[in-house]
Amino acid sequence: MGPVRGLKKRRKPEKKHDKNGSSASGSPDKEGSEDWWDELSNRMNGLQQSASKCLGSFESFFKISRRTFEYICSLVKDDMMTKSAHFVFTSGKPMSLFDQVAVALRRLGSGDSLVAIGDSFGLNHSTVSQVTWRFVESMEERGLHHLQWPSTEVEMNAIKTKFEKIRGLPNCCGVIDATHITMCLPASEPSCNVWLDHKKNHSMVLQAIVDPNMRFRDIVTGWPGKMEDWLIFESSNFKKLCDKGERLNGKRLELSEGSEIREYIIGDSGYPFLPYLVVPFEGKALPESKAQFNRLHLATRMVAQRALARLKEMWKIIQGMMWRPDKHRLPRIILVCCILHNIVIDMQDEMQDELSLSHDHDSGYQQLICGAVDDKGVALRESLSLYLTRRLPP
């Protein structure tokens, strides 16, 4: 994974609290979670009937299944239930593990204000803030294994195979794209102009490399929205590893005509044309072979556009206009939203099927052309174009 600006080393967790019931210990069974949801939903909504008779209410509220929710709880339980975690509702009742994770997920998923979340759960807004931040800190460490570059040849081969099934691109290892996370900063803030982008919005950029299952494999965030995509990529650890031969340096694919195709990722024209990063052909009156390549290239890139659109749809805290965010904490919140996005996929959560497959993740932002070209990249693209042309039906 690429660097997340603002990421700091966390302190070691304290001993977990042992006086908060089975939910607090993080080891309740399914029946326990249903009892907890019954109580919480009745308290929040004033319902008289049992919420367990309408299980969809849980999924519609959190947009994830109970199984995924309980898995997330298992990841963060040691950090959330420390002796220092004396979080209570306004009624004085201590918050269980499930309560705390529910508040954090609701804050990240709805994007509602701290006050609105606090009012709905019966909490002080400062408690919502503290609980959410404790959750973010824990997920940074406990969930990071869900956001990793493939570590084995078997895993990478599975990715290549799935990409080739999309539109025929062989030996492709990922799609790179970027999106803007908009913010609302007061004009009086000294650094507000630093965050002004080309659309005159205050924003932060998220760059992501995505696999064919819409899973994030590498991210970079924390840079101001006015930074061009190619500059962010040039500064990324991913590019440095590729240049040193430590990424995208796996098995080459031998083609029938005797040529070879190395591992690579694809991106739009906002990225540099490199030996391992293939961008589309430029121009309007392209020969059919090049036009066809561009169509297949674009259709494959859609997986990244859909992943970023789904990320913002699912975790609305980064979808809308964030009000006066902490620029050191925001990159870490973005990272955790990406981790949660991957967890939903890894858990094969059926709720993801209910989400739309929109590809509009950066509405209003126009693509800026990089134009940087590497001769080895040109040769790779020509080989790919020729390969795909020969595979087309007559």
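Keep in mind the model is a prediction, meaning the values are calculated, not measured.
At a threshold of 4.5 Å between side-chain heavy atoms, the hydrophobic network of Ile, Leu, Val, Met, Phe, Trp and Tyr places Leu241 and Met156 in two separate groups. In the hydrophobic cluster analysis, where Ile, Leu, Val, Met, Phe, Trp and Tyr join through side-chain heavy atoms closer than 4.5 angstrom, Met347 is grouped together with Ile64. Ile369 and Met227 fall into different hydrophobic clusters, where Ile, Leu, Val, Met, Phe, Trp and Tyr are joined by side-chain heavy atoms under 4.5 Å apart, directly or via other members. Transitive grouping of hydrophobic side chains (ILVMFWY, heavy atoms separated by less than 4.5 Å) brings Ile166 and Met214 into a common cluster. Under a hydrophobic clustering in which Ile, Leu, Val, Met, Phe, Trp and Tyr are joined whenever their side-chain heavy atoms come within less than 4.5 Å, directly or via other members, Leu298 and Leu384 fall into different clusters.
Residue Ile318 holds its CD1 atom at 4.5 Å from CD1 of Ile181, rounded to the nearest 0.5 Å. With rounding to the nearest 0.5 angstrom, the SG atom of Cys337 is 6.5 Å from the CG atom of Leu311. Remark: Ile339 CD1 to Leu147 CG distance equals 6.0 Å, nearest 0.5 Å. Here the OH-CG distance, from Tyr271 to Leu277, works out to 8.5 Å after rounding to the nearest 0.5 Å. Rounding to the nearest 0.5 Å places CZ of Phe87 at 5.0 Å from CD of Gln130. A distance of 7.5 Å separates CD1 of Ile209 from CG of Leu248, quoted to the nearest 0.5 Å.
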The test is side-chain contact (heavy atoms from CB on, under 4.5 Å); show your working for Glu140 and Val336 and say whether it passes. CA-CA 6 Å; Glu140 282 180 309; Val336 168; 4.0 Å; yes

Mind running salt bridge (charged side-chain N to carboxylate O under 4.0 Å, His left out) on Glu137 and Arg329 for me, showing each step along the way? CA-CA 10 Å; Glu137 285 188 309; Arg329 289 189 172 190; over 6 Å; no

Please determine whether side-chain contact (heavy atoms from CB on, under 4.5 Å) holds for the pair Gln207 and Phe238, giving the CA-CA distance in whole Å, both sets of side-chain angles, and the decisive distance to 0.1 Å. CA-CA 11 Å; Gln207 173 189 282; Phe238 184 89; 5.7 Å; no

Could you walk me through whether Ile72 and Phe135 pass the side-chain contact (heavy atoms from CB on, under 4.5 Å) test, one step at a time? CA-CA 10 Å; Ile72 293 171; Phe135 176 82; 3.7 Å; yes

Run the numbers on Arg67 and Asp349 for side-chain contact (heavy atoms from CB on, under 4.5 Å), then give the verdict. CA-CA 8 Å; Arg67 186 170 68 94; Asp349 194 318; 5.9 Å; no

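Annotation: Phe98 is not in aromatic contact with Trp37 [ring centroid separation under 6.0 Å not met]. Here Phe293 and Phe281 bring their ring centres to under 6.0 angstrom of each other.
The number of heavy-atom neighbours closer than 6.0 Å to NZ of Lys199, taken from other residues, nucleotides and ligands shown, is 12 or below. Within 6.0 Å of CD in Glu254 there are 12 or fewer heavy atoms belonging to other residues, nucleotides or ligands. Atom CD of Gln348 sits in a sparse spot, with 12 or fewer heavy atoms from other residues, nucleotides or ligands closer than 6.0 Å.
Between Ile176 and Ile266 the shortest side-chain heavy-atom distance does not fall below 4.5 Å. Contact of the Met95 side chain with the Thr127 side chain is registered, since non-hydrogen atoms from C-beta on lie closer than 4.5 Å. Residues Leu108 and Met139 fail the side-chain proximity criterion, which asks for heavy atoms closer than 4.5 Å. Residues Ile333 and Trp133 have side chains in contact (heavy-atom distance under 4.5 Å, counting atoms from C-beta outward). Using a 4.5 Å cut-off on side-chain heavy atoms (C-beta onward), Asp79 and Arg142 make contact. Contact of the Leu340 side chain with the Met314 side chain is not registered, since no non-hydrogen atoms from C-beta on lie closer than 4.5 Å. Using a 4.5 Å cut-off on side-chain heavy atoms (C-beta onward), Met204 and Pro224 make no contact.
In this structure, Asn171 contributes its side chain and Ile261 its backbone to a donor-acceptor pair below 3.5 Å. A donor-acceptor pair is defined here as one N or O able to donate and one able to accept, closer than 3.5 Å; such a pair exists between the side chain of Glu263 and the backbone of Gly250. Using modelled atom types, no side-chain atom of His202 and backbone atom of Leu196 make a donor-acceptor pair closer than 3.5 Å. Remark: side-chain polar atoms of Ser203 are not paired, donor with acceptor, to backbone N or O of Asp197 under 3.5 angstrom. A donor-acceptor pair is defined here as one N or O able to donate and one able to accept, closer than 3.5 Å; no such pair exists between the side chain of Gln319 and the backbone of Trp315. Formation of a donor-acceptor pair under 3.5 Å by the His146 side chain with backbone atoms of Ile343 is not found in this model. With hydrogens and angles ignored, the 3.5 Å screen pairs a side-chain donor or acceptor of Ser235 with a backbone N or O of Ile232. Not a single donor-acceptor pair under 3.5 Å links the side chain of Asp112 to the backbone N or O of Ile117. With Thr132 contributing its side chain and Ser129 its backbone, the two residues share no donor-acceptor pair below 3.5 Å.
Of the residues Val378, Leu380, Ile265, Leu169, the one that meets the side-chain contact (heavy atoms from CB on, under 4.5 Å) test with Val278 is Leu380. A side-chain contact (heavy atoms from CB on, under 4.5 Å) with Tyr264 holds for exactly one of Pro170, Cys173, Cys242, Pro275; it is Pro170.
Under the 4.0 Å criterion applied to side-chain N and carboxylate O atoms, Arg247 and Asp218 are assigned as salt-bridge partners. In this structure, Lys93 does not pair ionically with Asp99, as no charged nitrogen and carboxylate oxygen lie closer than 4.0 Å. Ion pair Lys251/Glu153 not flagged as a salt bridge, since none of the NZ, NE, NH1 or NH2 atoms sits closer than 4.0 Å to an Asp/Glu carboxylate oxygen. Taking 4.0 Å as the cut-off between side-chain N and carboxylate O, Arg217 and Asp211 count as a salt-bridged pair. Using a 4.0 Å cut-off between charged side-chain N and carboxylate O, Glu313 and Lys63 make no salt bridge. Salt bridge Arg301/Asp268: absent, no basic N to carboxylate O contact under 4.0 Å.
Residues Arg134 and Thr82 have side chains that bring a donor and an acceptor to within less than 3.5 angstrom of each other. Residues Glu282 and Ser269 have side chains that bring a donor and an acceptor to within less than 3.5 angstrom of each other. Remark: the Thr182 side chain and the Asn201 side chain contain no N/O donor-acceptor pair separated by less than 3.5 Å. Between the side chains of Ser385 and Lys290, not a single donor N or O lies within less than 3.5 Å of an accepting N or O. Side-chain contact annotation: Ser65 with Thr68, donor-acceptor N/O pair under 3.5 Å present.
Ring planes of Phe62 and Phe69: tilted class, angle from 30 to 60°. Ring geometry for Phe216 against His341 counts as tilted: the plane angle lies between 30° and 60°, on a 0 to 90° scale.
Cation-pi geometry between Arg262 and Tyr276 is not met at under 6.0 angstrom from the ring centre and within 45 degrees of the axis. Both tests pass for Arg66 against the ring of Phe58: distance under 6.0 Å to the centre and angle within 45° of the axis.
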